Amino acid sequence: MRLEATADNVSIVLLGAFNPKIFHPAWLAMHGLISPEQADDADVVIVHSDITQFTAAYMTFDINSGQFVIKCDTIHKDVIRDLVLAAFGEHLPHTPVWRLGINRSISFSCGSDDIRNKFGTLLAPKIPWGPWGSELEQSMSEDGHHGGMIRLIMRQLPRPDGLSGHIQADIRPGPGERSNVIADINNHFAFRDADETIGSVDAMEILFDRWQASMEGAENIVDGLMATMEDLK
C-alpha cells in the first residue's frame, strides 16, 4: 500500500444455516483447527444454541443460526481461510451456505484534520446540496467538531470476475485521531437461494479460488484512495 495502515483486519462471513453451539474452542481443537493450548486459553463469551461468541488466539468468532463470522489481523489472514476451508470443507460439508463475504478493513491516517476534510469534500462535494451545502462548507472552517461527509458507499455490480455478487467499498472517519479514515471492502459472493442450497461446496470453492484476488483487490482500492488523499497535500 502507498501508506502504512494504522489497522488492517480481515473477516470471512458466511450466510447459511448453522448450529452455533457446535463451534466451541474444544471442538476446533478436537479437529486440529486450533491447538489444545489455544482452546484452553480461549476467551469464551457465550456458547449457546442461538449464539456463540469467543476469541481464540488471534481469531474472533461470532456465530448465530444464520451467520458465521471469523475475524483476525491481516497478518494471520491465511490462517482463518484455512480454518474455514477445513471446518466446512472437511468436517461440516453438509452445512448449507448460500452467501460468502471476503472482507478487509483498512485504516489509515490522512496526516491532519485539514487534509481529511479536503478528502471528504472531494469524495462528497457540498455544491449539489445547495444552501445547506454552503452552510456545511462554512462549518468546515470552524474549530472543533463540524459537519461533512460521515460515510460513503460505492458498489461494483456486476462483479468483474463474472461471479454472482458485488464488490463494495465503505469509507468513513475512523476513531481516535481526527485524521483517521477507515475503508471497509466487501467482496460479496452469492450462490443459490436458501431453499435450493445443499452443503457448502460452492462457498468453499469460491473462498479457495478468490481469496488472494479479494485481498489484493481490497488493497488496490484503498491504495487508490490513499493516492487521491496524498495529492491533496
Side-chain angles (χ1 to χ4, degrees), residues 1 4-108 168 170 174-176 182-189 200-219 222:
M1 283 182 289
E4 182 178 354
T6 56
D8 191 351
N9 302 288
V10 299
S11 65
I12 298 172
V13 179
L14 305 177
L15 300 185
F18 307 102
N19 182 359
K21 65 182 179 182
I22 287 179
F23 299 99
H24 188 282
W27 183 87
L28 297 178
M30 180 178 65
H31 292 288
L33 303 177
I34 62 175
S35 70
E37 293 76 17
Q38 289 172 333
D40 291 341
D41 293 340
D43 181 10
V44 178
V45 178
I46 183 173
V47 175
H48 188 268
S49 58
D50 294 326
I51 186 171
T52 288
Q53 295 177 336
F54 64 89
T55 299
Y58 35 77
M59 299 172 286
T60 299
F61 296 78
D62 190 346
I63 305 109
N64 59 48
S65 60
Q67 185 179 72
F68 174 98
V69 181
I70 180 173
K71 301 178 181 179
C72 75
D73 187 278
T74 300
I75 294 174
H76 305 291
K77 63 181 184 299
D78 292 342
V79 175
I80 67 168
R81 176 204 59 190
D82 293 344
L83 186 150
V84 171
L85 288 172
F88 292 95
E90 300 174 19
H91 306 295
L92 300 170
H94 300 299
T95 299
V97 176
W98 48 80
R99 297 290 185 272
L100 163 68
I102 301 176
N103 309 319
R104 189 165 177 179
S105 180
I106 300 174
S107 302
F108 62 94
Q168 183 167 294
D170 182 344
I182 299 176
D184 293 326
I185 313 300
N186 168 228
N187 258 276
H188 177 79
F189 301 90
S200 56
V201 174
D202 290 343
M204 295 306 101
E205 287 181 351
I206 294 297
L207 177 59
F208 181 82
D209 291 340
R210 302 305 302 169
W211 176 258
Q212 189 61 32
S214 296
M215 292 293 104
E216 293 174 357
E219 187 168 318
V222 176

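These numbers come from a predicted model, not from an experiment. Along the sequence shown, residues are numbered consecutively beginning with 1.
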Quick check on side-chain hydrogen bond (donor to acceptor under 3.5 Å, both in side chains): which of D170, D184, T74 does S105 satisfy it with? D184
Hey, are the side chains of L83 and F61 touching, using non-hydrogen atoms and a 4.5 Å cut-off? yes
Can you find a side-chain donor-acceptor pair between T55 and D43 that sits under 3.5 Å? no
Indicate yes or no: at least one non-hydrogen side-chain atom of K71 is less than 4.5 angstrom from one of N9. no
Are any non-hydrogen side-chain atoms of P93 and V201 less than 4.5 angstrom apart? no
Given side chains that start at C-beta, do those of N187 and R210 come closer than 4.5 Å, heavy atoms only? no
I'd like to know if the side chain of T6 and the backbone of S107 have a donor-acceptor N/O pair within less than 3.5 Å. yes
Residues P20 and H48: closest non-hydrogen pair is CB-O, 3.5 Å
Give a yes or no answer on whether the side chain of S200 reaches the backbone of F88 with a donor-acceptor pair at less than 3.5 Å. yes
I'd like to check V84 versus F68 (side-chain heavy atoms, cut-off strictly below 4.5 Å). Are they in contact? yes
Could you check if a side-chain atom of D62 sits within less than 4.5 angstrom of a side-chain atom of I51, using non-hydrogen atoms only? yes
Considering all heavy atoms, the nearest Q38-A57 contact: NE2-CB, 3.5 Å
Count the heavy atoms of every other residue, nucleotide or ligand shown that sit under 6.0 Å from OH of Y58, and state whether that count exceeds 12. yes
I'd like to know if the side chain of R104 reaches the main chain of I185, judged simply by a donor and an acceptor atom lying under 3.5 Å from each other, with no hydrogens or angles considered. no
Could you tell me whether a side-chain N or O of H31 sits under 3.5 Å from a main-chain N or O of L33, the two making a donor and an acceptor? no
Report yes if the side chains of I102 and F189 come closer than 4.5 Å at any heavy-atom pair, otherwise no. yes
Heavy atoms, side chains only, cut-off 4.5 Å: are V13 and Q67 in contact? yes
